[in-house]
Protein chains: 2
Amino acid sequence: MRGFKRYSTILRLFSPQRPNWTVSEISQALDTPSSSIYRTMRELSEEGFVEASADAHYRLGSAFIEFDRMMRKTDPLVLKGAPLLQSLIEQAELPCVCVLARLYGDRVICAVDEKTGNTAFSSSYERGLPMPVLYGATSKAILAHLPKRRLDAMLSDAPDDAARSALLSQLKEIRRTGYCVTRGEVDAQLVGLAAPVVNKDLAIWASVSMIVNSSDLTEEIEARITLTLVTLSQFLAQKLTAYSAGA
Amino acid sequence: MRGFKRYSTILRLFSPQRPNWTVSEISQALDTPSSSIYRTMRELSEEGFVEASADAHYRLGSAFIEFDRMMRKTDPLVLKGAPLLQSLIEQAELPCVCVLARLYGDRVICAVDEKTGNTAFSSSYERGLPMPVLYGATSKAILAHLPKRRLDAMLSDAPDDAARSALLSQLKEIRRTGYCVTRGEVDAQLVGLAAPVVNKDLAIWASVSMIVNSSDLTEEIEARITLTLVTLSQFLAQKLTAYSAGA
DNA sequence: CTATAAATTATCATAAAGTGATAACTTAGT
DNA sequence: ACTAAGTTATCACTTTATGATAATTTATAG
């Protein structure tokens, strides 16, 4: 293993299912002598990216809390989008989850989430959890304005050509209408409604979306939500343009 | 520069004051040829630790959002402490900020924060912001139970021997009473009240604290708060012990 | 307090990877 | 199509990482 990947491979071993690793476990998992792992773990812990627990166990370190704060304080999408999402949730008239998500490698990650107090349901979308790029309104709204080169790379994960061309026409429709609605693609019984948020200068491909119970969604409500989302996405895009001009 | 530090030095260039860096700026700042920086930035962006913005600018990447979620989902202090802090803030009868903080290298970092809705004041304590280790109740409560070897390393930053011995007797008092109160050490007009949270098995040295306006604090209220904090810190310590036994 | 095992660090010859000057290539704007 | 800025590729040269082993430290039990 070489370069930064040597470190990130170790960091990505830590998961909710397995948040604690001993040196010997890492050594086994990566088929690398423990003397090397010891050295690497010391480097990571000196910088706060892992912390030594007892019994030779390690867990992720507080550096991630520090860098996460930096993201919240400086990331244009979070910075400009969080207040808007806040007001969006306040004027919601049905139980829902609101999400700002962006492209993250070959997946989509939620950068800000808000939920109404009365949510009886739970959406898969959650700040920091990578989601598939080809399914759900949130992801499709992001794909809609992606340069074709990058889009093509994403499409290689599609099951077949039929799915690919169906998706392409759906993306065309998103560009025309400015929004996307999908039913049960991510979570059964839930409907996702999303609008693209793009800023080329900042290289931001993102979307703003609401996830609601399908049983709560009348045609009238759907029309109102999509209008709100389209308006908000345009407003956020303007904010981002102003930000990129000012900084 | 060698090892992981080569990467973390670059990552730590990004700050709220300067969240955008070009390759040539980094090249200058680190006195390193840009061809090397380009290579390193590519590695970092492939793993999501930085993102390319336009005009040769880079910003921190979404990997930190992903890893922060991991911390929230798996870190014992956050996991067991967050609900307690929630209930602490709910039963607060005056404007305040509640904080769970832990040792982070030679500083102290807040891992969870909660504030009452009506906070007219603002405390320096905030999730993810490293704070000095020698000042304020939050930090002193953490130092109180630190093994003397580590404590000595911390004390080297003290201004003089007088300060050192004053601190040592204060720490002794914290061990006796189970809590610490400081006035205006971090923010003028604010009082910090804290109790240590220690779990040796998990190598956790932390504290739970409340920050309030000094004008709101009568003797009676102070007695009530410190009692609450001591109780809560012991309860949390128990939870951590149970966690370490179960995992 | 000592004995024992486990965890961690140090050592060092070898192999591998990073470095940086340069050139080649892309991309965006005029 | 031209230009300039940004980015990637190349490669001889260093420097650093590697990993088997030994030495040391730490933790635990007797």
Side-chain angles (χ1 to χ4, degrees), chain A residues 1-11 20-47 49-59 61 146-153 198-205 241 244-245, chain B residues 1-11 20-47 49-59 61 146-153 198-205 241 244-245:
Chain A
M1 193 80 49
R2 45 189 268 195
F4 186 70
K5 187 132 196 170
R6 179 161 67 96
Y7 301 102
S8 73
T9 301
I10 290 180
L11 292 174
N20 291 294
W21 288 78
T22 65
V23 168
S24 62
E25 284 167 349
I26 298 173
S27 169
Q28 274 187 260
L30 303 184
D31 193 28
T32 302
S34 48
S35 64
S36 298
I37 301 295
Y38 270 116
R39 196 174 339 103
T40 306
M41 295 309 280
R42 181 152 29 123
E43 290 180 48
L44 287 172
S45 68
E46 273 168 3
E47 299 300 315
F49 283 67
V50 300
E51 284 175 8
S53 180
D55 292 329
H57 281 267
Y58 283 87
R59 57 175 177 263
L146 214 57
K148 63 177 177 303
R149 188 166 304 184
R150 275 185 91 179
L151 181 60
D152 287 342
V198 177
N199 185 299
K200 220 181 153 193
D201 282 348
L202 296 170
I204 288 177
W205 280 271
T241 303
S244 69
Chain B
M1 193 79 51
R2 45 191 265 194
F4 186 69
K5 187 132 196 172
R6 179 161 66 97
Y7 301 100
S8 73
T9 301
I10 290 180
L11 292 174
N20 292 294
W21 288 77
T22 66
V23 168
S24 61
E25 285 168 349
I26 298 173
S27 168
Q28 274 188 260
L30 303 184
D31 192 29
T32 302
S34 48
S35 63
S36 298
I37 301 295
Y38 271 115
R39 198 178 332 108
T40 307
M41 296 309 280
R42 181 151 30 120
E43 291 179 47
L44 286 171
S45 67
E46 274 168 2
E47 299 300 315
F49 284 67
V50 301
E51 284 175 7
S53 180
D55 291 329
H57 282 266
Y58 283 88
R59 58 175 176 263
L146 215 57
K148 62 175 177 306
R149 189 167 304 184
R150 277 185 90 178
L151 181 60
D152 287 342
V198 176
N199 184 299
K200 220 181 154 194
D201 282 349
L202 296 170
I204 287 178
W205 280 272
T241 302
S244 69

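Numbers restart at 1 for each chain; the letters A, B, ... are given by sequence-line order, proteins then strands. Note that the structure is predicted; figures quoted are calculated from it, not measured.
Considering all non-hydrogen atoms of both residues, Phe49(B) and Leu11(B) come closest at O-CD2, 3.9 Å. Taking each heavy atom of Ser53(A) and Ala203(B) in turn, the nearest pair found is CA-CB, 4.0 Å. When all heavy atoms of Asn199(B) and Thr241(B) are compared, the closest pair comes out as ND2-N, 3.3 Å. Nearest heavy-atom pair across Ser27(B) and Ser34(B) is OG-N, 3.6 Å.
Residue Thr32(B) is in sugar-phosphate contact alone, with no base atom involved, counting any heavy-atom pair closer than 4.0 Å across all strands shown. In this structure, Arg42(B) reaches the sugar-phosphate backbone alone: every heavy-atom distance under 4.0 Å involves primed, P, OP1 or OP2 atoms, never a base. Within the 4.0 angstrom heavy-atom criterion, only backbone atoms of the sugar-phosphate kind lie near Arg6(A); the bases stay farther away.
Of the residues near DNA chain C, Asp31(B) and Ser53(A), the one whose nearest nucleotide (by heavy atom distance) lies more toward the 5' end is Ser53(A). Residue order along DNA chain D, read from the 5' end via each residue's closest nucleotide, puts Tyr58(B) first among Arg39(B) and Tyr58(B). Along DNA chain D, the nucleotide nearest Ser34(B) and the nucleotide nearest Ser36(A) are compared for position; the residue whose nucleotide lies closer to the 5' end is Ser34(B).
You'll find the side chain of Thr40(A) reaches within 4.5 Å of the side chain of Arg6(A), heavy atoms only. A 4.5 Å side-chain heavy-atom check between Leu202(B) and Arg59(A) finds at least one atom pair inside the cut-off. Between Ile10(A) and Tyr58(A) the shortest side-chain heavy-atom distance does not fall below 4.5 Å. At a threshold of 4.5 Å between non-hydrogen side-chain atoms, the residues Glu51(A) and Ile204(B) do not count as touching.
In summary, contact between chain B and DNA chain D, defined as any nucleotide atom under 4.0 Å from a heavy atom of the protein, begins and ends at dG6(D) to dT26(D) in the 5' to 3' direction.
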Enumerate the protein-to-nucleotides 27-30 of chain C contacts in which both atoms are nitrogen or oxygen and the separation is below 3.5 Å.
unit_1  : atom_1 : unit_2    : atom_2 : d
dT27(C) : OP1    : Arg149(A) : NH1    : 2.9

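Aromatic ring pairs are classed by plane angle as parallel below 30°, tilted from 30° to 60° and perpendicular above 60°; the pair Phe4(A) and Phe4(B) is parallel.
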*What's the verdict on side chain to side chain donor-acceptor pair (under 3.5 Å) for Glu47(A) and Tyr7(B), showing C-alpha distance, side-chain angles and the deciding distance?*
CA-CA 10 Å; Glu47(A) 299 300 315; Tyr7(B) 301 100; over 6 Å; no
*Take Ile26(B) and Met41(B), measure what side chain to side chain contact (heavy atoms under 4.5 Å, CB included) needs, and give me the verdict at the end.*
CA-CA 10 Å; Ile26(B) 298 173; Met41(B) 296 309 280; 3.8 Å; yes
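Following rounding to the nearest Å, Arg2(B) (CZ) and dT19(C) (P) show an atom-to-atom distance of 13 Å.
Within the structure, every side-chain polar atom (N or O) of Tyr38(A) is placed at least 4.0 Å from both OP1 and OP2 of dT9(C).
Rounded to 10°, the helix from dC1(C)-dG30(D) to dT30(C)-dA1(D) has 60° between the axis fitted to its first five pairs and the one fitted to its last five.
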